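Heavy atoms only: backbone and side chains are in, while hydrogens, waters and symmetry mates are out. Quantities reported herein were computed from a predicted structural model and do not represent experimental measurements.
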Amino acid sequence: MPTKPEKDHLTGQETTGHEWDGIQELNTPLPKWWLYVFYVCIAFSVVYMVLYPSIPWLSGHTDGLLDWDRRVELQQDLELAQAEQATWVDQIAQADLQAIANDRELLNFSMAGGQSAFATNCAPCHGRGGAGLPGGYPSLADDAWLWGGTLEQIHRTIAYGVRNEHQQSRASMMPAYGQILDRAQIRNVAHYVKSLSATVDAPEWVAAGQQVYAAQCVACHGAEANGNPALGAPNLSDQIWLYGGEITDLVSQITNPQHGNMPAWQTRLDDETIKMLAVYVHTLGGGQ
Amino acid sequence: MAEQTIQEGTEGALSRRRQKEQNLYAGRVKVHPMGIQGFYRKLKWAALIVLLGIYYLAPWLRWDRGPNAPDQALLIDMPARRAYFFGLEIWPQEVYYLAGLLIMGAIGLFLITSLLGRVWCGYACPQTVWTDLYMLVERWIEGDRNARLKLDRQPMSGSKLAKRSAKHAVWLVIALATGGAWIMYFVDAPTVLVNFFTGQASFSVYFFVGLFTATTYLLAGWAREQVCVYMCPWPRFQAAMFDEDTMTITYERWRGEPRGKPKKGKTHVSPATLPPTRPDDGGTQGLAAIDWAQADALYGRDKIDGKGDCIACDKCVAVCPTGIDIRDGVQLECIGCGLCIDACNSVMEKLGRPKNLITYDTLANQERRARGDKPRINLIRPRTVLYSGLLAVVGGIMLFTLMTRSSHDINVLHDRNPLFVPLSDGAIRNGYTVKILNKERATRSYTLELRNLPQGALSVVGAKDPKAQQVTLTADPDSVATYKVYVERPGAAVTQTTRDFQFLLTDDDGNTVVQETLFRGPET
């Protein structure tokens with residue numbers, strides 16, 4: 001409760017007159033210049049409010065006398081960055097893929113540009129580091145490639161995509177053998193294929209399956225079952241399985257195969273970006 | 001009787017003030033310290049010359065580090081991310097040395113304060129040193145305290161304007177030199193000096209020189225004791241390091257009171273010159289009572305003047321750079337410079353009274369002296385032991401890390417995406433970004449190998465070499481070499497989801513650094 005200011009007996013200092021439960025507040029005056037600093041801050045804020053966008057209306061805000069806009073500034077910065085990148089982008093447009101990969105500076109630029117484009121466009125299916133996702137999104141970091149792992153092959157796959165409407169899209173598909181083979185044949189060939197990369201405890205099925213393989217599968221997947229990148233036929237002798245490596249997974253894939261799709265990025269990205277992406281994907285760990 | 005008068009006086013002033021509106025903001029009372037000579041003033045000049053000398057001259061020390069390296073002994077090279085300290089070159093990764101130095105500085109300050117009081121504030125603080133220098137200039141141009149007080153009261157005139165302009169001009173030159181010397185710790189001193197005056201220095205050089213010129217001018221010229229009283233946190237909590245055995249500037253109340261000029265025809269008898277007495281009342285609030293029986297025997301009662309040693313000349317207040325009265329006791333505003341001791345001693349000398357009425361002593365000793373006991377210095381106290389111990393521990397750690405500092409280092413970052421890659425032959429591959437820090441000024445080659453990872457094989461991305469147990473990597477002089485490294489293990493060997501192992505990096509001289517990391521496999 002405010003009472004009258006009085007002198008504190010212990011310190012000899014004046015009180016503010018405020019008292020709570022017998023505790024009195026001493027008046028310790030602030031230096032005046034400190035107060036003036038506060039006034040200067042207020043003045044500054046008023047000037048700022050006049051010069052810069054500050055007061056919100058129901059729609060929009062005051063523009064300020066300087067007409068300053070962060071979006072415009074961003075646009076200018078982006079244009080500046082693009083102008084600075086032009087020398088590299090022009091060189092990438094001219095050079096072929098191998099030349100880019102061999103040139104230290106162009107490689108570094110492509111790695112940065114490719115990484116950024118990859119994160120925006122490719123990462124949703126293939127993962128940020130290119131590790132792929134279960135269910136048909138292949139890993140780009142391993143040493144197995146459906147459509148080939150050289151720079152040129154990667155570039156083509158990115159540019160035209162897989163099984164889409166683009167004329168140059170990679171298009172081949174595996175027939176649904178559920179309508180061609182009977183269930184025993186499918187079981188046998190699944191066991192044979194599995195036996196190429198693992199131990200399978202059914203020798204008579206494996207032997208019977210080998211017959212079926214030689215008749216039906218060898219044309220695309222090859223005599224050694226090493227696959228054929230020109231047709232997108234996967235290597236069946238390794239331990240990488242896009243749709244699962246269990247016998248049931250194999251039976252399902254032979255009977256009624258799943259096929260992945262990928263857009264033709266040529267219709268969405270410029271040529272330089274696709275080149276940078278090809279170089280970047282090639283460095284993820286499996287480039288050939 | 002005297003106390004009653006004081007009481008009445010203040011009551012009167014208070015009632016007068018009550019009629020006015022209460023003042024919540026205090027106007028600045030300008031302090032005009034008087035010049036003084038003496039022991040503590042000499043100490044302060046010495047500290048000022050040494051500290052300013054170090055500050056202005058240290059950037060000009062040269063230190064040969066060979067070609068392609070700066071030859072400035074003390075240099076913090078921000079763009080190149082290097083700090084040079086004579087033979088030592090600190091990388092940003094080693095900024096903990098700076099943390100260690102700051103910790104040592106803080107504990108050292110605590111220790112010194114608990115032993116010797118506010119010697120930092122009084123002698124070494126930049127605010128004190130530059131303010132002292134600015135006051136010296138002020139005294140040279142505008143004269144001593146009385147002349148300055150007079151000048152302040154005078155209306156503006158030609159001579160006043162000339163004096164004021166000269167003072168501010170010299171202040172600004174000092175400020176510019178201060179800001180200029182600051183920037184020299186961050187860029188090559190001779191180069192920047194030339195560039196600064198030919199207009200070729202960078203914007204940031206001009207900006208920071210301008211900033212430190214402005215702050216020096218404002219803080220040392222205008223703000224002065226306001227910095228210590230209102231801005232600085234140190235006076236607010238340094239009392240926590242104080243105890244009764246801490247040396248501090250203090251007034252010998254027990255022999256100074258009651259204050260006053262001696263009356264004519266009477267002999268002054270200092271309580272201190274009388275034989276020790278132990279009055280029953282415990283010394284009447286710290287004042288040793290005069291043993292009048294003894295005094296009578298010596299001088300005769302009617303000739304004795306009942307005043308203490310303090311003649312209330314207020315010279316101690318006049319010389320104080322923060323404008324306080326030390327006789328009020330230990331207080332926040334006192335920076336412990338000791339100029340009041342010099343002032344008081346000059347008066348005591350003239351009057352032929354015992355010196356050090358204002359003295360540099362501990363509060364415990366003051367009580368002992370008041371009682372007539374022998375003073376003693378107690379250096380070993382729990383807090384000083386603790387501070388010294390901490391200082392020794394931190395210093396020891398710093399020294400150890402500096403002695404065992406290797407000329408190269410390794411940083412390993414395990415790929416997070418993907419954590420691991422299954423390969424077509426069933427092997428599991430992990431990727432690592434290996435950074436080699438070559439702190440020597442020569443290209444060097446290193447051997448990288450794995451430890452504690454059975455069947456692990458290394459390969460460097462981009463190199464055509466086959467997988468191997470160890471690989472050789474090179475790093476350019478004084479730089480970081482970055483390599484992408486794959487570690488591969490057969491699928492059968494990968495039995496744990498994560499396995500800890502180490503990378504060993506050995507230089508040509510056989511010095512090895514170790515970096516702990518992990519090998520990730522599928523969930524088991």
Answer yes or no: are there more than 12 heavy-atom neighbours, outside [X] itself, under 6.0 Å from its atom [atom1]?
X	atom1	value
Tyr137(A)	OH	no
Lys167(B)	NZ	yes
Asp77(A)	CG	yes
Glu224(A)	CD	no
Trp68(A)	CH2	yes
Arg164(B)	CZ	yes
Phe237(B)	CZ	yes

Under 4.5 Å, heavy atom to heavy atom: which of [range] reach chain B? Give them by number, or say none.
range	result
residues 278-288 of chain A	Thr283(A), Leu284(A), Gly285(A)
residues 30-41 of chain A	Leu30(A), Pro31(A), Lys32(A), Trp33(A), Trp34(A), Leu35(A)
residues 122-130 of chain A	Arg128(A), Gly129(A)

request  = Count the heavy-atom pairs under 4.5 Å between each of Gly426(B), Pro418(B), Ser424(B), Gly431(B) and chain A, then report the option with the highest count.
outcome  =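 Of the options given, most contacts go to Ser424(B).
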request  = Give the minimum heavy-atom separation between Ala131(A) and Asn417(B), together with the two atoms involved.
outcome  =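 It is CB-OD1, 4.4 Å.
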key: Closest approach of Ile240(A) to Leu423(B) (non-hydrogen atoms, all atoms of both residues)   =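 Closest heavy-atom pair between Ile240(A) and Leu423(B): CD1-C, 3.8 Å.
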request  = Against chain A, label Arg429(B) side chain, backbone, both or neither, depending on which of its atoms sit under 4.5 Å from a heavy atom there.
outcome  =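 The side chain, not the backbone.
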task = Would you please go through residues 482-498 of chain B and name the residues with a non-hydrogen atom below 4.5 Å from one of chain A, in numerical order?
result =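 The stretch touches chain A at Tyr486(B).
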